[in-house]
Amino acid sequence: MTDARRVHTQWSSRMAFILAASGSAIGLGNIWKFPYLTGDNGGGAFVLVYLLCVAALGVPIMMAETMLGRRGRQSPINTMLALADEAKASPLWHYVGWVGVLAGFLILSYYSVIAGWAMAYIPKMSSGMFSHSDAAKAGEVFRELQGSSQLQFIWHTLFMTATMAIVSMGVSAGLEKWTRYLMPLLFVMLILLDGYAMTTGGFGQGIAFLFKPDFSRLGGEGVLAAMGQAFFSLGLGMGAIMVYGSYLPSHVSIARASLFVAAADTIVALLAGVAIFPIVFANHLAPTMGEGLIFQTLPVAFGQMPAGATVGALFFLLMFFAAITSSIALIEPAVAWLSENRGMSRSAAAFWSGAACWLIGLGTIFSFNDWAGYTWFGKNFFELIDFLTSDLMLPVGGVLVAVFAGWIMRPADSEAELEMGAGSGYRVWQFLIRYIAPAGVGLVFLRAVGVI
Ligand code: PFF
């Protein structure tokens, strides 16, 4: 191989990782979930805890997961088995991989329903039905969709079929190339919406809500939700990033790639927040609207813009694309395991895992209508699955990854794999991963149950 070709291969491998990891990170979590959780949990204090969690827990754990993936080069379950063997540790560590497979599965079950809403809004937007409409009309349209299990059934089925088709055809890598063009476009659309938000008269109030922390409005569950959202949004704690770590050749800086992905993910979430809250306040809406927040605010903005029907349809199309690149990451650990260990073809593995997610997803659809009255610990089916995965399984999975990378794996191995040079970078990472990640997650759990 000539030098020039080698350099090219290296560059595209790093690019492949960054595109896949950003595709997994940037999704409904940034555009749909971050704004509504911020609204539900009182604003600025939630955002501050979220940012702290991204920086102090998210980035070091993302580095750890990537590093383990690069060293193991298999599905997360088998990677953990191989690395535990290398470290002469208990094979029980492979259960970390299982937590991930299960979490990914459960997340995708409702992720597909919400992505279905985004798909439903593409034709709604382009029909022009929101032209000069007000918040009342936007609310009515959303409630009609959320109230109809038939309509959601159709969109959920379409989204899951698209995910299964892409995963079984093995074209995920091709799809990731699109990420390079479509993610920047999504970014531009959000900036455009931010520009609109400045003209609404609610801008000052929206910004204050987002960035002025008022800790009296953030309870223990809010702190837990902020941490869970950091893991969810970065796509951590379930092995997705481990799978993508295997794209990376050994000389690429894991630290720099992780920082880039975490920064891009955080900026997209903040841009979405800056777009939405001014619209909320300008239209005298409540920020505590829950999972319908963006669907009841953004259409109002598009309805008042020139060419809003087209721009709005394009926005929801991009949101659908962002959701697809995340859903293939959510299902990948299960598909990889089924094909490595059960000898299934990729198509069969994608079909069976997708079908199981689809079935569980019906519970989320019904939780908004027919089953709205059924709650467990005050949560409906959707809220319960979301709580179990984002707030419990992902942080637990993340801490296990941190403990493994920080305490079980030989430091000589992690140092060699991370290649952070002679500076203090490796020590900082080791400190964060050994002490701050377990202590941080532990403290948040204690706070959530009211012990501190
Ligand atoms: N990070 C994705 C989002 O913010 O929408 C969701 C996600 C993808 C979570 C992949 C976990 C994961 F492994």
Side-chain angles (χ1 to χ4, degrees), residues 19-38 50 53-54 58 61-62 65-66 68-69 75-77 96-118 159 163 166-167 172 175-176 179 183 186 190 225-245 258 261-273 291 294 318-337 353 357 385-386 388-398 401:
L19 290 176
S22 315
S24 155
I26 299 172
L28 300 177
N30 308 63
I31 301 166
W32 160 75
K33 202 173 179 196
F34 172 76
Y36 98 73
L37 287 181
T38 302
Y50 168 74
C53 290
V54 167
I61 293 180
M62 186 180 274
E65 259 197 46
T66 311
L68 299 182
S75 71
I77 294 172
V96 177
W98 276 111
V99 176
V101 168
L102 188 64
F105 227 71
L106 293 176
I107 292 174
L108 184 54
S109 77
Y110 76 76
Y111 205 81
S112 167
V113 175
I114 314 296
W117 294 354
F159 183 82
T163 301
I166 289 164
V167 172
S172 317
L175 193 77
E176 274 138 24
T179 311
M183 288 294 164
L186 181 66
L190 286 170
M227 180 177 74
Q229 174 61 9
F231 281 91
F232 182 90
S233 191
L234 296 171
L236 292 180
M238 53 145 288
I241 292 286
M242 233 185 248
V243 173
Y244 291 149
S258 304
V261 174
D265 185 67
T266 306
I267 291 170
V268 170
L270 292 177
L271 287 177
E291 71 280 339
I294 71 155
L318 289 170
M319 193 167 147
F320 160 72
F321 177 79
I324 274 277
T325 55
S326 298
S327 71
I328 55 185
L330 285 163
I331 208 170
E332 185 60 36
V335 170
W337 183 80
S353 7
C357 285
I385 298 261
D386 181 34
L388 288 176
T389 51
S390 305
D391 295 0
L392 300 181
M393 294 168 82
L394 297 186
V396 166
V401 162

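Numbering of ligands and ligand atoms starts at 1, following listing order. It should be emphasised that the depicted structure is a prediction, and the values quoted were computed from it without experimental measurement. All residue numbers refer to positions in the sequence shown, counting from 1.
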Please list the nearest protein heavy atom to atom 5 (O) of ligand 1 with its residue and the distance rounded to 0.1 Å.
Tyr111 OH, 2.5 Å
Walk me through whether Leu388 and Leu106 qualify under side-chain contact (heavy atoms from CB on, under 4.5 Å).
CA-CA 9 Å; Leu388 288 176; Leu106 293 176; 5.7 Å; no
Check contact between Ser233 and ligand 1, using heavy atoms of the residue and a distance below 4.0 angstrom.
yes
Ligand 1 and Leu236, any nitrogen or oxygen pair closer than 3.5 angstrom?
no
Any side-chain to backbone donor/acceptor pair from Thr66 onto Met62? Under 3.5 Å, distance only.
yes
Report yes if Phe232 has an N/O atom closer than 3.5 Å to an N/O atom of ligand 1; otherwise report no.
yes
Does even one non-hydrogen atom of Phe34 get within less than 4.0 Å of ligand 1?
no
What do we get for Ser24 next to ligand 1 when only non-hydrogen atoms under 4.0 Å count, side chain, backbone, both or neither?
both
Geometric N/O contact Ile26 with ligand 1, under 3.5 angstrom:
no
For Thr179 and Thr325, which I'm curious about, is there any donor-acceptor pair between the side chains at under 3.5 Å?
no
Check the pair Lys33 / Leu28 against side-chain contact (heavy atoms from CB on, under 4.5 Å), numbers first and verdict last.
CA-CA 6 Å; Lys33 202 173 179 196; Leu28 300 177; over 6 Å; no
Would you say Val113 and Trp117 make side-chain contact, with heavy atoms under 4.5 Å?
yes
Which residue and atom name correspond to the protein heavy atom nearest atom 4 (O) of ligand 1, and how close is it?
Ala25 O, 3.0 Å
Give the residue, atom name and distance (to 0.1 Å) of the protein heavy atom nearest atom 13 (F) of ligand 1.
Met238 SD, 2.9 Å
What atoms of ligand 1 come closer than 4.0 angstrom to any heavy atom of Leu28?
5 (O)
Going by the order shown, which atoms of ligand 1 are within less than 4.0 Å of some heavy atom of Ala240?
13 (F)
Would you name the heavy atoms of Ala329 and Tyr244 that are closest together and state the gap between them?
CB-OH, 3.6 Å
Which value, rounded to the nearest 0.5 Å, describes the distance between Met227 atom CE and Asp391 atom CG?
7.5 Å
Quickly, which of Leu330, Thr389, Ile328 forms a side-chain contact (heavy atoms from CB on, under 4.5 Å) with Leu108? Name it, please.
Leu330
